Colleague: 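Got a structure for you, written out below as structure tokens; questions coming shortly.
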Amino acid sequence: MEGKQTGGGKVNQSVETSSSCYKQTGKATIAARQRTSGARWIHCSDGRCEANGAASAGQYTEQLWVVSSAMLQLPLVVTAQVDLVLLLVSLLAMWTRLSHLSYPNAVVFDEVYYGQFVSLYMKRVFFIDDSGPPLGHMILALGAYLGGFDGNFVWNRIGAEYPSSVNVWSLRLIPALCGALCVPLVYLLTLELKFSHLSALGAALLLLLENALIVQSRFMLLESVLIFFVLLAFFSYLRFHNAVSSSRFRFSWLLLSGASCAAAVGVKYMGLFSYLLLLGLAAVHTWTLIGDQTVSHLSVCIQCVCRIVCLVVVPVLLYVFWFYVHLSLLNRSGPHDQLMSSAFQATLEGGLSRITQGQPLEVAYGSQVTLRSAASQPIPCWLHSHKANYPIRYENGRGSSHQQQVTCYPFKDVNNWWIIKDPSRQEMVVSSPPRPVHHGDVIQLVHGMTSRFLNSHDVAAPMCPHAQEVSGYIDFNVSMPAQNMWRVEVCNRDSESEVWKTILSEVRFVHVNTSAVLKLSGVALPDWGFRQLEVVAEKLFKGHSSSLGWTVEEHRYGTSEEQKEREAELHSPTHIDVDRKISFWAKFLELQWKMLTVKQEDSEHKYSSSPLEWITMETNIAYWLHPSTNAQIHLLGNPMSWGLTHLCLLGYQLLAAVYLLRRRRGFKDLPEVSCWTRMCLMMCVCVCVCVCEVWHQFTCLGFVCIGGWLVNFVPFLLMEKTLFLYHYLPALCCLHLLSPALLEHAYTHLLRKATQRSIVCMCVSVGALSIIWSYQNFCPLTYGSPELSANQLQALKWRDTWDILYRHR
């Protein structure tokens with residue numbers, strides 16, 4: 001530190017600093033040079049200062065104070081570096097995704113689907129969507145909530161006009177923002193893959209000018225949200241991986257990556273495959289770290305634990321947290337209640353909770369109950385009987401017992417009531433005090449309205465002849481004795497003496513005489529059985545099946561012995577306050593299981609397509625058509641960029657195959673050169689080592705881009721569901737990321753002659769211009785304006801398979 005000393009010990013205000021910071025044997029040492037007329041030195045170490053020279057201690061104290069003042073001069077000034085290219089593409093992305101966002105002011109394609117869930121969130125009504133976890137719906141609902149949407153809009157058809165009370169801009173805002181942010185994310189991700197700013201700009205422009213991504217981002221849909229979180233997860237992880245080990249914020253990037261993975265999986269289950277890909281990349285890097293002998297054992301252990309916590313534990317906890325918020329918000333009974341268990345339904349306001357409020361908890365001898373099948377397929381139903389007998393002979397010639405039918409009925413009905421009877425007693429009322437039924441007890445089930453005993457015997461069931469018939473026993477005096485004893489088995493018991501509980505217990509009824517188990521076969525009976533579902537007793541069963549389980553849903557303590565009084569009693573339940581709430585974890589596991597197993601019926605759609613058709617863009621989707629003009633919006637990609645990126649996909653695979661074969665033969669076409677950069681920051685000299693091996697750069701590009709394309713495309717080849725072109729968009733983004741980087745690789749490492757490079761530059765320029773022209777050409781179908789004539793629309797129909805509609809005037 002230099003200063004000019006004058007009379008009276010004053011120091012000139014102009015100060016020149018030169019400092020260095022280094023670490024030696026675990027102690028920090030700071031050396032500062034103070035040049036005065038006597039050329040004196042001040043050495044500070046471990047909090048002690050020593051002066052070299054003839055000046056007094058007071059002079060050096062004053063000089064140190066001046067040094068500190070010079071370093072902390074006001075005002076404080078912050079110098080920031082701004083990437084103007086990144087800023088420009090970000091602004092363009094915002095403009096292409098957010099401009100005129102409220103147009104059209106009508107329901108567009110799948111907004112009719114997601115809008116229903118948004119309305120249910122606004123009304124806090126429970127629902128199940130088998131297409132994915134709840135985070136995506138909650139994000140859309142957040143946008144609706146910020147816009148003041150109250151849920152009072154009927155999402156019944158595509159093209160329905162939004163009323164003035166609905167803030168359309170707010171409904172579509174968050175997907176549009178996510179779609180816009182994908183553009184700068186791709187730019188930054190390319191840089192983290194160690195490619196140039198020019199390649200990053202190329203990748204950003206490909207996303208920016210991709211018509212299909214623009215369309216999907218501008219409406220209340222989820223693909224843009226999914227893509228945003230996937231890109232953010234990979235960018236954050238690579239930023240962590242490339243950061244110097246001494247960076248204090250390094251692990252914050254890893255934490256952000258794990259949170260983004262959880263968000264991607266929480267939006268759609270397809271995000272799980274990208275998450276597994278990132279875990280694979282992290283596993284490779286961690287394995288390399290473990291083999292690095294220059295890193296201490298303690299450091300390796302700490303880093304491995306941090307990676308497991310950030311990339312495994314945090315995503316799992318966040319995934320569960322999405323469901324916690326979902327279940328906390330949706331606390332009212334709704335249209336999907338019957339898919340859930342009775343215990344789950346009882347936790348919701350209204351519906352079953354209103355019916356079951358105050359019911360007795362423990363099932364006792366004399367209890368009147370309705371028994372709901374634990375299986376939700378084909379539909380939820382209750383054990384039922386009515387005054388109709390099985391036909392004497394079925395259509396196929398087989399005979400029956402001609403006893404009273406026992407079925408499973410999918411609606412609430414008075415004929416669903418049964419009475420738990422003690423075989424050793426005649427009375428069918430609850431004693432005082434009640435005698436609860438335990439696991440292993442033998443009971444009889446008496447139908448409440450007809451007083452028939454639930455019976456089974458060695459007679460073939462009507463629709464499943466390999467199983468036994470279940471009936472309400474009638475004594476026809478034909479040498480067919482009653483076999484109406486059933487042993488209660490509590491499936492989810494905690495002990496062998498578990499009490500049978502209302503709603504909470506799932507039980508099986510084992511026929512004492514034959515050891516067959518009461519089961520819902522799920523087959524609909526013919527007209528003579530009123531199309532109700534068949535109930536059988538099956539001997540051969542393996543393990544636990546939901547079709548074997550039954551749950552007490554409605555329950556009252558019976559007090560009437562006479563049949564007529566009992567029938568009247570079935571309509572007036574007894575109220576005994578009891579708390580039967582189930583835990584969050586039980587609700588979470590049940591809801592997760594239902595989402596994975598309960599599938600809605602898929603039907604063919606006019607615009608559905610197969611995955612192989614996506615590669616060549618054989619189909620499009622008409623998202624919106626103006627009711628009276630030719631204005632329309634289609635999900636249609638940019639044909640030029642679509643073709644270029646798929647050529648690059650093929651090119652990378654061929655090039656990788658050639659490289660691998662030649663490396664196997666000992667030819668290393670790609671150099672493995674290390675480049676070193678040094679950075680000086682204020683008082684410290686930091687040495688940043690950046691090992692940039694070309695081969696590793698090439699393989700990492702393939703892992704992220706080709707791997708990303710595979711995990712977002714191949715699973716659809718194995719799915720049996722209705723698929724659409726928009727399912728391909730996450731995979732397409734990986735190819736947009738690949739293309740400029742592959743061109744840079746070829747230009748830098750494969751093209752040796754200036755002529756070759758000139759030709760490639762010309763081809764790239766022509767390709768870029770054609771992409772811009774194609775984007776501009778299809779903009780009317782992307783934004784729905786301006787309106788085109790029939791001839792102009794026909795000119796845009798580049799493929800005969802595209803469904804572009806137009807009106808002749």
Side-chain angles (χ1 to χ4, degrees), residues 181-197 199-204 206-207 210 213 226-243 253-254 256-258 260-261 263-265 270-289 307 310-311 315 645-646 648-657 659-660 670 690-715 728-746 749:
L181 292 174
C182 288
V183 176
L185 269 178
V186 163
Y187 181 94
L188 295 171
L189 182 53
T190 304
L191 295 180
E192 292 302 325
L193 288 170
K194 303 300 182 183
F195 288 91
S196 67
H197 284 78
S199 293
L201 175 61
L206 284 175
L207 248 73
E210 177 52 60
L213 289 173
L226 171 64
I227 295 170
F228 167 75
F229 283 122
V230 170
L231 292 177
L232 181 60
F234 276 93
F235 163 70
S236 303
Y237 175 76
L238 290 176
R239 174 62 66 90
F240 156 79
H241 177 69
N242 295 332
W253 289 109
L254 187 65
L256 177 60
S257 178
S260 301
C261 289
V265 178
M270 280 302 300
L272 176 64
F273 298 105
S274 296
Y275 172 48
L276 294 177
L277 178 68
L278 189 143
L279 284 181
L281 182 62
V284 172
H285 291 161
T286 304
W287 186 251
T288 304
L289 172 68
R307 292 168 193 237
C310 292
L311 294 181
T645 53
H646 286 88
C648 289
L649 169 65
L650 179 61
Y652 183 93
Q653 293 171 327
L654 294 176
L655 188 59
Y659 280 157
L660 289 173
L670 299 181
C690 175
V691 180
C692 181
E693 297 179 351
V694 179
W695 172 248
H696 291 167
Q697 180 195 47
F698 181 78
T699 55
C700 186
L701 176 69
F703 196 101
V704 173
C705 298
I706 303 298
W709 180 81
L710 288 173
V711 299
N712 284 287
F713 175 71
V714 173
Y728 189 58
L729 295 182
L732 182 67
C733 288
C734 297
L735 299 187
H736 286 337
L737 180 64
L738 169 73
S739 302
L742 183 62
L743 290 174
E744 179 188 335
H745 175 85
H749 301 289

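It should be emphasised that the depicted structure is a prediction, and the values quoted were computed from it without experimental measurement.
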Colleague: So which atom in Leu226 and which in Ala264 form the shortest heavy-atom distance, rounded to 0.1 Å?
Modeller: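 Residues Leu226 and Ala264, closest heavy atoms: CD1-O, 3.6 Å.
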Colleague: Does the side chain of Ile227 reach to within under 4.5 Å of the side chain of Leu213, using non-hydrogen atoms?
Modeller: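 Yes, side chains in contact.
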Colleague: Please test His736 against Val186 for side chain to side chain contact (heavy atoms under 4.5 Å, CB included), starting from the C-alpha separation and ending with a verdict.
Modeller: CA-CA 9 Å; His736 286 337; Val186 163; 6.0 Å; no
Colleague: Strictly by salt bridge (Lys or Arg N to Asp or Glu O under 4.0 Å), give each pair with a member in residues 227-243 just once, sequence neighbours left out.
Modeller: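 Counting only pairs at least two positions apart or across chains, the salt bridge (Lys or Arg N to Asp or Glu O under 4.0 Å) contacts touching residues 227-243 are Glu192-Arg239.
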Colleague: Should the ring pair His241 and Tyr237 be called parallel, tilted or perpendicular, given that the plane angle runs from 0 to 90° and is split at 30 and 60?
Modeller: parallel
Colleague: Please state whether the rings of Trp709 and Phe713 are parallel, tilted or perpendicular, taking 30° and 60° as the class boundaries.
Modeller: parallel
Colleague: Report the residues that fulfil ring-ring contact (aromatic ring centres under 6.0 Å, His included) with Phe273, sequence neighbours left out, ordered by chain and then residue number.
Modeller: none
Colleague: Phe698 pairs by ring-ring contact (aromatic ring centres under 6.0 Å, His included) with which of Phe703, Tyr659, Phe195?
Modeller: Tyr659
Colleague: Kindly give the heavy-atom pair with the smallest separation between Ala203 and Thr190, and that separation in Å.
Modeller: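 Nearest pair, atom of Ala203 first, then Thr190: CB-OG1, 3.7 Å.
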Colleague: Identify, with sequence neighbours excluded, every residue that meets side chain to side chain contact (heavy atoms under 4.5 Å, CB included) alongside Val265.
Modeller: Leu272, Tyr275, Tyr319
Colleague: Hey, what do you get for CG (Leu742) to CG (Leu735), rounding to the nearest 0.5 Å?
Modeller: 11.0 Å
Colleague: Once you round to the nearest 0.5 Å, how far does CG of Leu207 lie from CG of Leu729?
Modeller: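 The CG atom of Leu207 sits 10.0 Å away from the CG atom of Leu729.
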Colleague: Enter the distance from Glu744:CD to Lys194:NZ here, rounded to the nearest 0.5 Å.
Modeller: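 Going from the CD atom of Glu744 to the NZ atom of Lys194 covers 13.0 Å.
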Colleague: To the closest 0.5 Å, what do you measure between CG (Leu737) and SG (Cys705)?
Modeller: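 It comes to 3.5 Å.
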Colleague: Among all residues two or more places apart in sequence or in another chain, which pass the side chain to side chain contact (heavy atoms under 4.5 Å, CB included) test with Ala283?
Modeller: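 Ala283: no side chain to side chain contact (heavy atoms under 4.5 Å, CB included) contacts found.
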Colleague: Please report the interatomic distance CD1(Ile706) to CG(Leu701), rounded to the nearest 0.5 Å.
Modeller: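 Rounded to the nearest 0.5 Å, the CD1-CG separation comes to 7.5 Å.
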Colleague: Is the distance between the ring centroids of Tyr652 and His646 under 6.0 Å?
Modeller: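 Not under 6.0 Å, so no.
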Colleague: List the residues meeting side chain to side chain contact (heavy atoms under 4.5 Å, CB included) with Leu256, not counting sequence neighbours, and say none if there are none.
Modeller: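 Result, side chain to side chain contact (heavy atoms under 4.5 Å, CB included) vs Leu256: Leu232, Ser236, Trp253, Ser260.
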Colleague: Looking at side-chain heavy atoms only, is the closest gap between Leu193 and Val704 below 4.5 Å?
Modeller: yes
Colleague: Within this structure, what is the CG-OG distance for the pair Leu191 and Ser199, rounded to the nearest 0.5 Å?
Modeller: 9.0 Å
Colleague: Identify the two heavy atoms, one from Asn712 and one from Cys734, that lie closest to each other, and give their separation to 0.1 Å.
Modeller: ND2-SG, 4.5 Å
Colleague: If you look at every heavy atom in Val183 and Ala204, which pair is closest and at what distance?
Modeller: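 Closest approach of Val183 to Ala204, heavy atoms only: CG1-O, 3.6 Å.
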Colleague: Test of understanding: with side chain to side chain contact (heavy atoms under 4.5 Å, CB included), list the residues that count as partners of Ser739, not counting sequence neighbours.
Modeller: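 Expected list: Leu206, Thr645, Cys648.
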Colleague: Is there side-chain contact between Leu278 and Ser257, with at least one heavy-atom pair below 4.5 Å?
Modeller: yes
Colleague: Heavy-atom distance under 4.5 Å between the side chains of Pro730 and Met270, does that happen here?
Modeller: no
